[in-house]
There are 2 protein chains.
Amino acid sequence: MRDPRAEAERAGWRNDKGADLLSAAARRTCGGKVVTGPRSRRGGGRPTIADVARKAGVGAITVSRALREPGRVSQDLRRQIQDAVDELGYVPDPNARALASARAEVFGVLVPSLTNSVFAEVVRGIYDSLSDSPFRIQLGNTHYSGLEEERLLQVFAPQRPAALIVAGIDQTPLSRKLLETAGCPVVQVMETGPDPVDMLVGFSHFDGGRTATEHLIEVGCRRIGFIGARMDPRSQRRLAGYRAAMEAAGLFDPRLVTTTPLLSSVTLGRELFRDALAKMPSLDGVFCNNDDIALGVLFECHRAAIAVPKTIGIAGFNDLDMMQTAFPSVTSVRTHRYEIGRRAVAMALAAIAGNRPEQRIVDLGFELMRRESTAR
Amino acid sequence: MRDPRAEAERAGWRNDKGADLLSAAARRTCGGKVVTGPRSRRGGGRPTIADVARKAGVGAITVSRALREPGRVSQDLRRQIQDAVDELGYVPDPNARALASARAEVFGVLVPSLTNSVFAEVVRGIYDSLSDSPFRIQLGNTHYSGLEEERLLQVFAPQRPAALIVAGIDQTPLSRKLLETAGCPVVQVMETGPDPVDMLVGFSHFDGGRTATEHLIEVGCRRIGFIGARMDPRSQRRLAGYRAAMEAAGLFDPRLVTTTPLLSSVTLGRELFRDALAKMPSLDGVFCNNDDIALGVLFECHRAAIAVPKTIGIAGFNDLDMMQTAFPSVTSVRTHRYEIGRRAVAMALAAIAGNRPEQRIVDLGFELMRRESTAR
DNA sequence: AGGTGGAATGGTAGCGCTACCATTCCGTAG
DNA sequence: CTACGGAATGGTAGCGCTACCATTCCACCT
C-alpha cells in the first residue's frame, strides 16, 4: 500500500537541511565557479500557465484570460487552451493569482463559536453557497471576544479577501474601521440594525424575545422567568425584548431574571433553572435564551416532576430540530440560520460582480413555533 | 459614524471600470507617448518588506529572516527591525510568502459535516491549537461523500498546505494518492487502523460499539436493538462492534438492526425507534449509533410511557453534554473529540518542525459512561 | 602572518500569475 | 482607398516575498 516515492517526498520536508545537502550535491560546478541552472521547480513539478500556453501555442496571458474571462477569447483558442489544461492537469496557483491581482479568492468568515449549532448552520449555509464557486473560505472563531475579533480581522485583512462575513453588529471601533477599510464587500449577519458597515442579513432578537414572552403571557403565564447563559449582545437583546413584553403587561420583576456569562449548555440550563426556582418558587413560565437552556429546564422539570406546561410553560429560542421531538414538544422561536448564510453569500457575490443588491439590509424574520410546552 | 473615505474606497471596487477610468486620468503623458510611472501600489498602500528594510537600514532579506528565524539575526538588528515593523504597521503578505516559499502557512482540514457537533468539536480543537501559530485553516465539508473529498483535496493540494487533517481512514484510492503526494504531513483523525497515510489519531468505533452493547447485555438486556442513521464507515464499525458482542452472547438477530442512510437527527431517532418497536415489540434495550438518536429514543419512550431503564435500556455514542442532564441520564460512550483535534495539530506541527512523533498512530480510546438509562 | 571556519548580512533571481499597455487584424465609415 | 475603431492577442513588468548563493567580518587556529 505504501508508495515509496511518496515516502521519499515526505522525508524531504522532514528535514530541510537534508534537502539542502541533496540539492547542493546536484549542483554543477564549471571552471571553479558555481553555475546554477534555472532554479529547480519549487512547485513540485506541477504545470504552470506557461506550460499550458506553450502546449496550446498561445501567449500565457491568453491562457489566463481564457480561464478568467472566457468571453474575451475566441472560441477556437478557448477550446485549444481547455484541451491543453485538461491534458496537463493544470490547476492555477491561488497564491500566485492572489499576489498578482492583489485580491484573493477568499471569503473571510468570523463567528463567535464553532460548536454552537446556531453558527454552525450559518457557516454551513455559507459553505454550501460557495462550494461551486472559485472562492475559498477562511473561518475565524472569535470566542465571543471583541479583542479576538480585532486580532482575526488584522490577520484576515492582509490577505485581501474577496468579501468578509462577520457575526453581529457590535464590533469594536477598531474592528469596524478594519471592516470599513478592507476594500471588499462586508456582510454582517445574525442581527438587524440601522447602521451596517456595508450589508446586513439577520433578524431582530429583541422582537424574537418579545414575541416569545408575549406568547407565554397570552397562554396565561404570569411569573415568567428569563434564563440566559453567555449573555452576548444577541442574548441581551432577547432579554430586552422579554423585559419590554413583561413591562408592557405590568409583570416585570428583576428577580425573574437569571443569567450567567458562562457558555450555554443543557446542563447549565438545568442548573440555572434550579437557581431560578430557588429564588422564585412560584415561577409559572420561563423564556429561555436558547434551546439548550430550554432543554435543560425541561429535563429538570421531568426530574422534579413539575408538570409542563400545566405548572410551568417553557419557550426556547432558535428552534433546533430536537424541540419538535422533545416530550413535551417545546415552543421556540425559529430562526433561519442556514438561509442567513446563503443570503449573505449571495449579497457578497452580487457586490463582487459589480451589482450591489438594492437592499443593503435584509430582515429574514423569525417564526414562533407554538408547541406542547406552552399549550395551556 | 460613516467614514466617507472608506465609502469612496468601496465605491472603487464596486465597479472596476470606474477605477480604470480614474487611474487612466491620473496617468501622465509625455510627448505624445504614454509614460507610466512605477505601477501604483496595487496592494492598497500597505507597507512592504522593502519599506521596513529601508526604514531599519538593512537588506530586505534580513527583515525576512528577522521575522521568520530571529535566532539568525543579531540582537541589535532584530530590535531595529522590530521597531520599524511596529512603526509602519507592517504585516507580511501571506500570498507573497506562499508563492516565494512554495509553502502556504495553511492547514487543510476536511470533515464530513460542519453541523454534526462531533466534528465541530474536533474542528474547535484544531482551531484552538492553531490560534497562536502563524497557520491559517482551510476547512472543507465533504458531506460524507468520497467524491466530494477528492474534489476538495484537488482544490487544497495546489495551495501547498503545511499540513492536511482529514476525517476517517476510508479515502478513495485517488484521495489517498492525493494525500500521499501532497508533500506535507497528513493526519487522519477520528478512527484508528493499521495503515494510515501518514499519521493517525482516534479511537476504535468497533470497540466502542462492542463495549456499549456488552454493557447492555451485562445489565440484563437480551433483545437489544441497534438504531443508526447516516451509516458512514464509523457507524458501520460501531454496528460491527454491536454485532460482535451480540453474536458472542448468542443474541444476534438481524431484525434487531434498524438503519437508514438519512442524516442523523433527534427526530429521526424517534422515528427509527418507532419502526424498530413495530418490527420487534419485545425490544428491551437499544444501542444508538449516536446521541441524537438516543435522545429521540428517550423522548419517544417518554411519549409512549415506556419505562427507562426498566422496560428498555438505552445507550448512546459520543456522550454529548446533554446526556448527563437528560432524565433519566443516558449511558453513552464518551469520545475525546476536542483532544483528537488538539493532538492532530500537535503531531502535524512536530512533523513540520522536523521531528516527527515517534508514535504515528495514537489511540485516544473512549470511556463508557454508565448512567440511569441502563441502571437495571 | 596566513589560513580556516563560522556567523551575520546582503544581492540576485525568481515563485506563477495578472495589470497594463502595445500590437495586429479586421470591418466599417468617410 | 484611407482612416478609424474595436476585438483579439501578446509582451513586459511587476505583485511581495524568499531560496540560493556570495560576501564580509571576526575569532581562532597553525
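A quick note: this is a predicted structure, and the numbers were derived from the prediction, not measured. Every chain is numbered from 1, with letters handed out A, B, ... down the list of sequences.
Within the 4.0 Å cut-off from OP1 or OP2 of dT9(D), at least one side-chain nitrogen or oxygen of Ser74(A) is found. Phosphate proximity of dA19(D) to Arg68(B): present, with a side-chain N or O under 4.0 Å from OP1 or OP2. Using a 4.0 Å cut-off, some side-chain N or O of Arg97(A) falls inside it from OP1 or OP2 of dT18(C).
Among the nucleotides dG10(C), dG16(C), dT18(C), the one closest to any side-chain atom of Ser64(A) is dT18(C). Distances were taken from every side-chain heavy atom of Ala100(A) (C-beta onward) to each of dA19(C), dG14(D), dG14(C); the shortest belongs to dG14(D).
An angle of 50°, rounded to 10°, separates the two end axes of the helix from dA1(C)-dT30(D) to dG30(C)-dC1(D), each defined over five pairs.
Residue contacts for Arg65(A): at a heavy-atom cut-off of 4.0 Å it reaches a base atom on one of the strands shown.
Between the CZ atom of Arg72(A) and the P atom of dG10(D) there is a distance of 13 Å, given to the nearest Å. Straight-line distance from the CG atom of Leu99(B) to the P atom of dA13(C): 18 Å, rounded to whole Å. Atoms CD (Gln159(A)) and P (dC15(D)) sit 20 Å apart, rounded to a whole Å.
Using a 3.5 Å distance cut-off with no hydrogens or angles, the side chains of Ser145(B) and Thr142(B) do not pair a donor with an acceptor.
Nearest-nucleotide positions on DNA chain C place Thr62(B) closer to the 5' end than the other of Thr62(B) and Ala96(B).
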